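Naming: A, B, ... by sequence-line order, numbering from 1 per chain. From a predicted model like this one, the values you see are computed outputs, not experimental measurements.
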Protein chains: 4
Amino acid sequence: MTAMPATDRAGLSRAERRKAETRREIIDAAFACFAERGYHATGIADIAARLGMGHGTFYRYFENKRDIVEHVITDLVERILGALGAENAPEAVDTLEDYRQQSARIGEALASIFGSDLRMPRLLLEAPGIDQAMSDRMLELFDTTAQFTAAYLDHGVRLGYLRADLDVRATAHAINGMILGSVLAALRDPDPERQHRLGAAIRAVMYDGIAAR
Amino acid sequence: MTAMPATDRAGLSRAERRKAETRREIIDAAFACFAERGYHATGIADIAARLGMGHGTFYRYFENKRDIVEHVITDLVERILGALGAENAPEAVDTLEDYRQQSARIGEALASIFGSDLRMPRLLLEAPGIDQAMSDRMLELFDTTAQFTAAYLDHGVRLGYLRADLDVRATAHAINGMILGSVLAALRDPDPERQHRLGAAIRAVMYDGIAAR
Amino acid sequence: MTAMPATDRAGLSRAERRKAETRREIIDAAFACFAERGYHATGIADIAARLGMGHGTFYRYFENKRDIVEHVITDLVERILGALGAENAPEAVDTLEDYRQQSARIGEALASIFGSDLRMPRLLLEAPGIDQAMSDRMLELFDTTAQFTAAYLDHGVRLGYLRADLDVRATAHAINGMILGSVLAALRDPDPERQHRLGAAIRAVMYDGIAAR
Amino acid sequence: MTAMPATDRAGLSRAERRKAETRREIIDAAFACFAERGYHATGIADIAARLGMGHGTFYRYFENKRDIVEHVITDLVERILGALGAENAPEAVDTLEDYRQQSARIGEALASIFGSDLRMPRLLLEAPGIDQAMSDRMLELFDTTAQFTAAYLDHGVRLGYLRADLDVRATAHAINGMILGSVLAALRDPDPERQHRLGAAIRAVMYDGIAAR
DNA sequence: CATGAATGAGCATTCATTCAT
DNA sequence: AATGAATGAATGCTCATTCAT
């Protein structure tokens, strides 16, 4: 017999696990509220009401409104980056054809993530309107993801299947811009068929250019 | 001589002209405030104070806060579209080389517009956070500008200097996405040299692709 | 004709005068509320309601709740000190008998001030419970008034009608303590007759001591 | 052997004794919190945290926040009155000189109590700001202590070493006021030397008066 | 027409208290 | 008996909007 509470595999006591679960639920509820009505139109009471809990309870889990949106965004970004980084890696590719296929897989993964729940891109789109700090964070996120893309490009240049004179950093921003463009287009018209054509168009621009032969 | 007030060439009386001027000033002041502090952090009093006028006066020119931001955005969009459409037209080009040069001109025009006053892209970025309607409007704007781009592409396809199998609509979104990406990059790091490289990278992707020859 | 608003003798425009009046009214209403229910039990809404005005209006005149109580106390202290300093001065007295009479006048003035409105001492008594800063301020006030008393004593020592070996500063605190004691007694039992006896007892202690001859 | 739990000399079971101890600890912790941060700024959680116990446990020992402060003040008052009444009694004195020495002892005892822990007078000072009832109680306390002093004076008058015409009740308030004044002065400047002079000044006023011979 | 005083809906946040475990 | 999670009443404060002057 010991006074120490039983812990699970992650070393968390029952209470800690419950607390983590509730935080998870609040993050999800807040995500839903923010995405549906927007950050400024959402009250803490809305988030609590969605979970059927008292609004005072919210403050047992998060400091304040700004705190929760920070966690919501962080969670969202992690989900996106996690889904992206999961099965792909720059080093996994040797030839242009492989790269093209990898691009397609990444594009499909992105389409799957965003397409599965349009609230995700919708919230990302609204995020810069929260405040200056969040706006900066979103710009930083765009830059960060461009670095991911740059890593892929860099690998291709080194292996010789991408142009040697590629301005890797700038091109990465351009490519990510195309992806962003397709996401915005999807928000207006979430037709899967159209998403597919957007992905194809992006790859066509990347590999074939737009000029006639 | 009549009792009718004198009117200028546009058929506006002196009073109407004065009113239009004041509306113009309010729009400019509101633009400045919204871009600097953000829509939600800006009060009507801030806008009025910037003009040295009473904040009650504001309501003689605009319905409410939502009304003014609508006009600010409209004005902003017009400035952008106006600057773009001014000297370029899809029909003015016959060859790929011409088109490439036209692209460069358009890119420079955009860089000039946005680069000259970063408050413009900053406000556009924050706009979707104002409310759902504004978010929709921004998505619509992205679509509208894509139609502009599509017109250029369409012209090129018809004249044969762009690929016959080009998915014009989807490609237009991709290209505009690249432009959007360069704008976002400029917001993080407004170095003109970098902007120039971003523009070049966009054109390189468009015309040369990223693949090695 | 001038654009300058008409001003009264104090150089205040009509609007400024009105504003000052309203501030005065708010201070009075707040004084009443704080004295009756206590600072912490009083809401801004209570103060506003007492004046029949919206509670938002309050914030046009005072920064916040702490601000108004600061002004209420300041006003209160000024009223007390003003009433005290009005007709008395240490230099106006030459003999012990004069001083004794002056003491009686000051005592009566104090009794008149506090006795006329028991909310004044009641609020002063509650003031240290507002917060640490106010508590310090009250202690400072006690010290300040002791300096007033000390000035009287000092004058008497110099003119020779008070003991040469008087510890002026310490004695001043003792005397003011007696006054404070009579105020506290008055709060419990505001019988004028009793106040009179308290004043007489204070003077008797001061001049005759308590010892039998 | 019976089912009755063992009891100590006071007739308390072990559990009752433990309960009393915990109450004692809570009172002490609450006293510390209230004196340091003030009643209104102190939360029940602060008190519990100071004892390292759950704040829910608090309510097993005291009804509510108002209840604990009542006990804290009661305890405080008892400590003061106890210390005062311990070794002194009106009847223990026969002559003015004895009385003067007794006064000095009482003064020293008070200075020792308050000076040893300034939180005591600080809490008493803040107490009237808790609510009306507590304010009344503090005034009552002042009156009660004046009755103590009055008993000493009464004894002196009866034995003839104090003035026969002394207004005992009023003079008692005046004397206690001086003591109160010295306590307030100590709160501002807790210099022991100064406290000593204040005590001496009080006795000088009492026995010698302030007038020159 | 300009003004700014007045307004109150609205919201984030705190914290004493309860009660299931 | 101890705990601390849950609760919601309570309140200070902001600011868009109105309207009398």
- Query: How do Gly56(D) and Ala41(A) order along DNA chain E: which one's closest nucleotide is nearer the 5' end?
  - Reply: Ala41(A)
- Message: Please compare Lys65(D) and Ile44(A) by the position of their nearest nucleotide in DNA chain E and report the one closer to 5'.
- Response: Ile44(A)
Using whole Å, what does the distance between atom [atom2] of nucleotide [N] and atom [atom1] of [X] come to?
X	N	atom1	atom2	answer
Leu51(C)	dA6(E)	CG	P	11 Å
His40(D)	dA10(F)	NE2	C1'	14 Å
Arg66(C)	dC13(F)	CZ	P	12 Å
Phe62(B)	dT17(F)	CZ	C1'	16 Å
Ile26(D)	dA16(E)	CD1	P	15 Å
Asp67(B)	dA16(F)	CG	C1'	13 Å
Ile68(D)	dT17(E)	CD1	P	12 Å
Arg23(C)	dA6(E)	CZ	P	13 Å

- Is dT21(E) paired to anything, Watson-Crick or G-U wobble with both distances less than 3.5 Å, and if yes, which nucleotide?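 When the pairing criteria are applied, dA2(F) turns out to be the nucleotide that pairs with dT21(E).
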- dC11(E) pairs with which nucleotide, Watson-Crick or G-U wobble, both distances below 3.5 Å?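 Looking at the geometry, dC11(E) pairs with dG12(F).
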- Message: On the nucleotide dT7(E), are OP1 or OP2 found under 4.0 Å from the side-chain N or O atoms that Thr57(C) carries?
- Response: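 Looking at the OP1 and OP2 atoms of dT7(E), one of them is under 4.0 Å from a side-chain N or O of Thr57(C).
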- Message: If you compare every side-chain N and O of Tyr59(C) against the phosphate oxygens of dG8(E) (OP1, OP2), does one of them come in below 4.0 Å?
- Response: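 No, no such contact exists.
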- Looking only at N and O atoms, is any donor in the side chain of His55(A) or the base of dT13(E) less than 3.5 Å from an acceptor on the other one? yes
- Nucleotide nearest Arg60(C) (side chain, heavy atoms from C-beta), chosen from dT7(E), dA5(E), dA2(E):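 My answer, after comparing the listed nucleotides, is dA5(E).
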- Hey, which sits more toward the 5' end of DNA chain F by its nearest nucleotide, Arg18(A) or Phe58(D)? Phe58(D)
- Specify the residue among Ala45(C) and Tyr39(B) whose closest nucleotide of DNA chain F lies further upstream toward the 5′ end.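 Closest to the 5' end, via its nearest nucleotide, is Ala45(C).
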- Message: Which residue is it: Lys19(C), Glu25(C), Arg18(C), Arg24(C)? I am looking for the one with a side chain to side chain donor-acceptor pair (under 3.5 Å) to Thr22(C).
- Response: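 Of the listed residues Lys19(C), Glu25(C), Arg18(C), Arg24(C), the side chain to side chain donor-acceptor pair (under 3.5 Å) partner of Thr22(C) is Arg18(C).
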- Task: Classify the nucleic acid contact of Thr42(C) as base, sugar-phosphate or nothing, counting any heavy atom under 4.0 Å across all strands shown.
- Result: sugar-phosphate
- Query: Side-chain donor-acceptor pair under 3.5 Å between His71(B) and Asp75(B), yes or no?
  - Reply: no
- How about Glu63(D): does its CD atom have over 12 heavy atoms from other parts shown lying under 6.0 Å from it? no
- Cation-pi geometry met for Lys65(B) and Tyr39(B) (6.0 Å, 45°): yes
- Task: Give the C-alpha distance, both sets of side-chain angles, the deciding distance and a yes or no for salt bridge (Lys or Arg N to Asp or Glu O under 4.0 Å) between Glu70(B) and Arg66(B).
- Result: CA-CA 6 Å; Glu70(B) 198 72 40; Arg66(B) 196 49 179 69; 2.4 Å; yes
